[in-house]
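Each remark here refers to the structure printed beneath this line.
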4 protein chains.
Amino acid sequence: MPRKSSRARNLEQRQDKLQAILAAAFDLFVEKGFADTRLDEVAARAGVAKGTIYLYVPSKTALFEELIHSAISTPIEGIEAQVAASDLPLEAVLRLMFRRIRKEVLETSRRDIVRLIISEAGRFPEIAELYHREVLSRGLRLLRGIIERAAARGEIRSDELARFPQLIIAPFVVGLLWTSLFQDYEPLDVEGMLDAHVDLLMRALKTASS
Amino acid sequence: MPRKSSRARNLEQRQDKLQAILAAAFDLFVEKGFADTRLDEVAARAGVAKGTIYLYVPSKTALFEELIHSAISTPIEGIEAQVAASDLPLEAVLRLMFRRIRKEVLETSRRDIVRLIISEAGRFPEIAELYHREVLSRGLRLLRGIIERAAARGEIRSDELARFPQLIIAPFVVGLLWTSLFQDYEPLDVEGMLDAHVDLLMRALKTASS
Amino acid sequence: MPRKSSRARNLEQRQDKLQAILAAAFDLFVEKGFADTRLDEVAARAGVAKGTIYLYVPSKTALFEELIHSAISTPIEGIEAQVAASDLPLEAVLRLMFRRIRKEVLETSRRDIVRLIISEAGRFPEIAELYHREVLSRGLRLLRGIIERAAARGEIRSDELARFPQLIIAPFVVGLLWTSLFQDYEPLDVEGMLDAHVDLLMRALKTASS
Amino acid sequence: MPRKSSRARNLEQRQDKLQAILAAAFDLFVEKGFADTRLDEVAARAGVAKGTIYLYVPSKTALFEELIHSAISTPIEGIEAQVAASDLPLEAVLRLMFRRIRKEVLETSRRDIVRLIISEAGRFPEIAELYHREVLSRGLRLLRGIIERAAARGEIRSDELARFPQLIIAPFVVGLLWTSLFQDYEPLDVEGMLDAHVDLLMRALKTASS
DNA sequence: GATGAATGAGCATTCATTCAT
DNA sequence: CATGAATGAATGCTCATTCAT
């Protein structure tokens, strides 16, 4: 096996260092928010000098945006593929999907990204737009597809969810915020809540709207 | 009727000035967030000198917390009273309550308070605790009361909502965040969504859990 | 005599402080140039805190420009008045004027201002323009007036100076730069040079151009 | 003809690269001044890496000084030779010399060097000293020689220029600064001014001092 | 009490210089 | 020799907080 060219190695190292900076920034932005995070700390945690950050991003703001951009890669493709491939009944699809979202978002650092976006989107409209475009609109489209397919199959006899797919994922938002902000004061069994949510939905959907 | 004592008048003036400061701070904190709000601007908008703020609150942080404290006074008492007094069926209670929350929270500045809390609570744990204590725990208790009463009457045949009353208000959270952050990219008919939510809930609740 | 109002006193103090800042900045800019002057040092020398500077000028650049603006007040009015009032022969006017310029520019801090302008004007085009408008164009106009009056009286029989009044003050420029930059290596008797210059000019002017 | 040794070729390449660096530095220092010139830009314009500069000069300051050193090579030798060789009358010598200085200094990049020296000499005393030693003192010596020869021939009947040869070149200084700084606001016909200057000088010199 | 000028610690950013490759 | 990524000291500017009036 030939040794990697020095150039290739450099590119790799460069990527590694950028990743280290982004990772350090991620931790600190999540922990303290954008305004309270010092680039000194980011540099220290990334193991680089302060000036080095500016070799990779042009400003603190750009660092934040770059971070969100790179972290926002959604697991949606995976779920889309799985849903498209499978031919399960609606309830199974929902349970599968809920489980994946729970495992791949709520129980990973993606959870923190989402909370960061919710917290800082007011100051970074571009990020709100990005998140809507890359995650929300695709997620809602996926949900509508699932609902419509189930409706076509006769599994659903009402149109509420087709009109407001946000209702399907609302408990995730509550779960995410609750565990971030209030878990210490009153724990919430997110998995239980999500199960109950699916139960309710399934019973409701089997009934025609009056 | 005796004239107010000078002392009383002074107290009133003092209160007025504090209110002016809190109101100015509220607008700016909502608009720009905690970190990006300058006390200079707060003072200017409140029509006082910058130093005056420190006669009323000891620090910018305290101003924020005081503001949240004073703004957090919930409409829950009103709803509690109404619910306790009325003897309506569950659906009517829910629709009544949803309408009130929509009118009195989502469509007023309380909406901004909640968003501010969600955004900044990570940096102000005391505020998270306060909000949980004053609003969330009471709101959840009220919801549980409603659910249990309905269950006692036989209107409900499953226990999901009693266990997770968060599911009842989850769409409010989504509605609040969506209208704050994404309304420009994809409008959401919050009222429609809430109606659909009640529809779904009512159909689900009439069915026993399997 | 009534005591000054507190407001009037404040204004005075404010002016004093601005003057202190400008004076400190002047010394340092002259000594080290614009780029090598630190606002920390300016503040220290002015006896104020660093932030105080920003209560009076919005930036280091503005400080420099403000300084030049306030220092550029020329002695031209005085000379203009003197020249207009007097009815002396050309030689007397020139000697009078040269002496005044020497005493009021070359031998005062105005000398340093001019050198500062020459040094930094490349980076501050606005200052070049200001200096031309406020000093040079007026000085040249004054010189032309003197020359033309002398010509009308028959004291001058050629037009070189009317066309190029710069030739009259060229030795001042040399004197100013020489004493600033080369005096240590080879002293220059500026007064003697200026006297010789007038001698030469007077002899030349009495002769008609061929 | 033997091929150049590899060693010789290397030396040449080395010299070429140094020249490229100095040329790039020259352009930038002239355009932006010492402080505002970035070594990054110098390297980019010279087509070398930033670190390479340090293989040729030990610091930015040294680069500047080296640049001035290498650029300061005056056309004085040429003029000296020409003057020594020729036997023209004073006026012809002056006109010849003025023309050469105009063509070889004012209308070439040497003009920029001189302005750079004037601008930065305050911060680089060594350069002031160098310029005086290499250019000014030699130039003045040359001028004195010319004047004395003319006096010996009886062409001059006064000693002002012998005592202050600076008076001869003062208009060059004005011309150089004016065209650099004020040409946009009020153009100056430097050639006309220099002609007028010679005219005046010649008429003055033919007359004995009173 | 009220004011707003003054303070100075704090921070993002720059850039000459170094050094591993 | 040459490179250019990395360094980190240096600095302009901000803004919460103080305090003399």
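Below, chains carry the letters A, B, ... as their sequence lines are ordered, and counting in each starts from 1.
Residue pairs satisfying the salt bridge (Lys or Arg N to Asp or Glu O under 4.0 Å) criterion with at least one member in residues 117-130 of chain B, sequence neighbours excluded, are listed as follows: A:Glu120-B:Arg123, A:Arg123-B:Glu120, B:Glu120-B:Arg123, B:Glu129-B:Arg133. Sorted by first then second residue, the side chain to side chain donor-acceptor pair (under 3.5 Å) pairs that include residues 34-44 of chain D, not counting sequence neighbours, are D:Lys32-D:Glu41, D:Asp40-D:Lys50.
For A:Tyr56, whose side chain is taken as the heavy atoms from C-beta onward, the closest listed nucleotide among F:dA5, F:dT7, E:dA6 is F:dA5.
Closest of all the heavy-atom pairs between C:Ile113 and C:Ala71 is CD1-CB, 3.2 Å.
A search for side chain to side chain donor-acceptor pair (under 3.5 Å) contacts involving B:Lys60 returns nothing, not counting sequence neighbours. Looking at residues two or more places apart in sequence or on another chain, you find a side chain to side chain donor-acceptor pair (under 3.5 Å) between D:Asp27 and D:Arg45.
Between B:Phe29 and B:Phe34, the ring planes lie parallel to each other; the angle is under 30°, not in the 30° to 60° tilted range.
Comparing the local axis fitted to the first five base pairs of the helix from E:dA2-F:dT21 to E:dT21-F:dA2 with the one fitted to its last five gives a bend of 10°, rounded to 10°.
Remark: the backbone N or O of B:Glu65 is paired with a side-chain donor or acceptor of B:His69 at under 3.5 angstrom.
For F:dC1, the OP1/OP2 oxygens have no side-chain nitrogen or oxygen of D:Lys17 closer than 4.0 Å.
The distance between atom CG of C:Leu63 and atom C1' of F:dC13, rounded to the nearest whole Å, is 13 Å. Rounding to whole angstrom units, CZ of residue C:Phe34 and P of F:dT11 are separated by 13 Å. In this structure, B:Ile53 places its CD1 atom 10 Å from P of E:dT3, rounding to the nearest Å. Note: CG (B:Leu55) to P (E:dG4) measures 13 Å, nearest angstrom. Atom CG in C:Leu18 sits roughly 15 Å away from atom C1' in E:dA6 (whole-Å rounding). Rounded to an integer number of Å, the gap from D:Asp16 CG to F:dA2 P is 12 Å.
Toward the 5' end of DNA chain E, the nearer of the two residues B:Gly47 and A:Thr52, judged by each one's closest nucleotide, is B:Gly47. For the pair A:Val48 and B:Arg38, nearest-nucleotide mapping onto DNA chain F gives the more 5' position to A:Val48.
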Give me, pair by pair, the N or O atoms of the protein and of nucleotides 17-19 of chain F that are less than 3.5 Å apart, along with how far apart they are.
{"from": "F:dT17", "atom 1": "OP2", "to": "B:Tyr54", "atom 2": "OH", "distance (Å)": "2.7"}
{"from": "F:dT17", "atom 1": "OP2", "to": "B:Lys60", "atom 2": "N", "distance (Å)": "2.9"}
{"from": "F:dT17", "atom 1": "O5'", "to": "B:Tyr54", "atom 2": "OH", "distance (Å)": "3.3"}
{"from": "F:dT17", "atom 1": "O4", "to": "B:Lys50", "atom 2": "NZ", "distance (Å)": "2.8"}

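The shortest distance between side-chain heavy atoms of A:Tyr131 and A:Val114 falls below 4.5 Å.
Considering C:Leu39, C:Leu67, C:Leu63 in turn, C:Leu63 is the only one that fulfils the side-chain contact (heavy atoms from CB on, under 4.5 Å) rule with C:Val57.
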